[in-house]
Amino acid sequence: MLAISHIEIADLYKRYPKASGDSLSNINLRIDSGTKYGLLGPNGAGKTTLISILCGFLEASKGSLKYYSTTGEEIIGRDRKSIIGFVPQEYAMYDEMTPLQNLAYFGALYNMKPVRIKQRSEELLAVLGLSEVAHKRVRDFSGGMKRRVNLAIGIIHDPVILFLDEPTVGVDVQSKHAIIRFLNELNEQGTTIIYTSHHMNEAQEFCQELMLIDHGTIVAQGKTEELMKDHQADDLHSLFISLTGEEYRN
Ligand SMILES: Nc1ncnc2c1ncn2[C@@H]1O[C@H](COP(=O)(O)OP(=O)(O)OP(=O)(O)O)[C@@H](O)[C@H]1O
């Protein structure tokens, strides 16, 4: 398995086809391996766009994205793909299949051996509290259960870097707690975690570092504690409001 040192974005811009303006502009960012990193901002700020570029699902219009190994080489192509896991905001699973069948399907897409898929699926379903429903159709699951299946699918191949777009949206306190605890455990085992969230309490507790974006540009970035101190904010919620304002975003 490749050991990564950091991810670097330089002078990055994104304009969607036919759009009149940039959805991201002048983004510079470095994320060191092992970090729990938050991409935060109001609706429409550009979080999903940025996370999609970081994962390689979306091309930037300008600028660079580079992954570096601990030996200083750039990680590209298939090597890069194999170390990345992505948990999207939408449920990315087959409703008519069970969690085990979904995991078998997505594991096969990563060329995992069936024996390994089975072992890993059982481990993940157990730790995410889904063993009892492993053979039930996902269609009938609650939002919290679907979120946990979504998470298991995103990490079936044991990625070194995990991207999550709002992993705790629309779930109850128990599922939220289980997801965050699990992400913390993954991070303690060495996984770099990059996530977006609208939950400021959760992000304050979870993220060691963060970037706050608004209207596609960086408003603040750095270590969570230091940012709050520098801006004399009691918590992340106050920092967020003081830097992004109170007006509604559509
Ligand atoms: N496929 C697309 N085509 C054109 N414009 C897009 C597309 N996807 C996003 N945008 C625009 O880019 C900007 C950033 O959107 P993005 O979804 O990245 O924001 P976000 O911070 O993830 O928002 P939210 O918190 O609501 O999920 C918005 O103005 C949005 O309308």
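Order of appearance sets the numbers: ligands from 1, and atoms from 1 within every ligand. None of the values given here were measured: they were computed from a predicted structure.
The residue among P17, G44, A45, G21 with a heavy atom at the shortest distance from atom 29 (O) of ligand 1 is G44.
Protein heavy atom nearest atom 3 (N) of ligand 1, with residue, atom name and distance: Y16 CG, 3.4 Å. Shortest contact from atom 26 (O) of ligand 1 to any protein heavy atom: N43 ND2, 3.1 Å. Nearest protein neighbour of atom 21 (O) of ligand 1, counting heavy atoms only, is K47 NZ, 2.7 Å. The nearest protein atom to atom 19 (O) of ligand 1, hydrogens excluded, is given as G46 N, 3.2 Å; this is a heavy-atom distance.
Under a 4.0 Å criterion applied to the non-hydrogen atoms of T48, ligand 1 contributes the atoms 17 (O), 18 (O), 20 (P), 22 (O), 27 (O). Residue-ligand proximity, T49 to ligand 1, at heavy-atom distances under 4.0 Å covers atoms 14 (C), 15 (O), 16 (P), 18 (O). Each of the following atoms of ligand 1 lies closer than 4.0 Å to a heavy atom of S23: 11 (C), 12 (O), 13 (C).
Protein heavy atoms are found less than 4.0 angstrom from atom 11 (C) of ligand 1. In this structure, atom 8 (N) of ligand 1 has a protein heavy-atom contact shorter than 4.0 Å.
Between the side chains of E209 and T224, no donor-acceptor pair is found at a separation under 3.5 Å. Side-chain atoms of S5 and Y67 form no donor-acceptor pair, as typed in the model, at a separation below 3.5 Å.
Under a 4.0 Å N-O distance rule, the pair D79/K81 does not qualify as a salt bridge. Between D214 and K47, none of the side-chain N atoms (NZ, or NE/NH1/NH2) sits under 4.0 Å from a carboxylate O, so this pair counts as no salt bridge.
The environment of CD1 in I76 is sparse: at most 12 heavy-atom neighbours from other residues, nucleotides or ligands sit within 6.0 Å. Surrounding CD of E225 are at most 12 heavy atoms belonging to other residues, nucleotides or ligands under 6.0 Å away.
No heavy atom of G41 sits closer than 4.0 Å to any atom of ligand 1.
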Donor-acceptor contacts under 3.5 Å from residues 102-113 side chains, at least two apart:
| from | atom 1 | to | atom 2 | distance (Å) |
| --- | --- | --- | --- | --- |
| N102 | OD1 | Y94 | N | 2.7 |
| N102 | ND2 | Y94 | O | 3.0 |
| N102 | ND2 | T98 | O | 3.1 |

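Between L12 and S64, the shortest heavy-atom contact is CD1-O, 4.2 Å.
With a 4.0 Å heavy-atom cut-off, ligand 1 is reached by the side chain of H198 but not by its N, CA, C or O. Contacts of P42 with ligand 1, taken as heavy-atom pairs under 4.0 Å, involve the backbone alone.
Qualifying ring-ring contact (aromatic ring centres under 6.0 Å, His included) partners for Y195, counting only residues two or more places apart in sequence or in other chains: F206.
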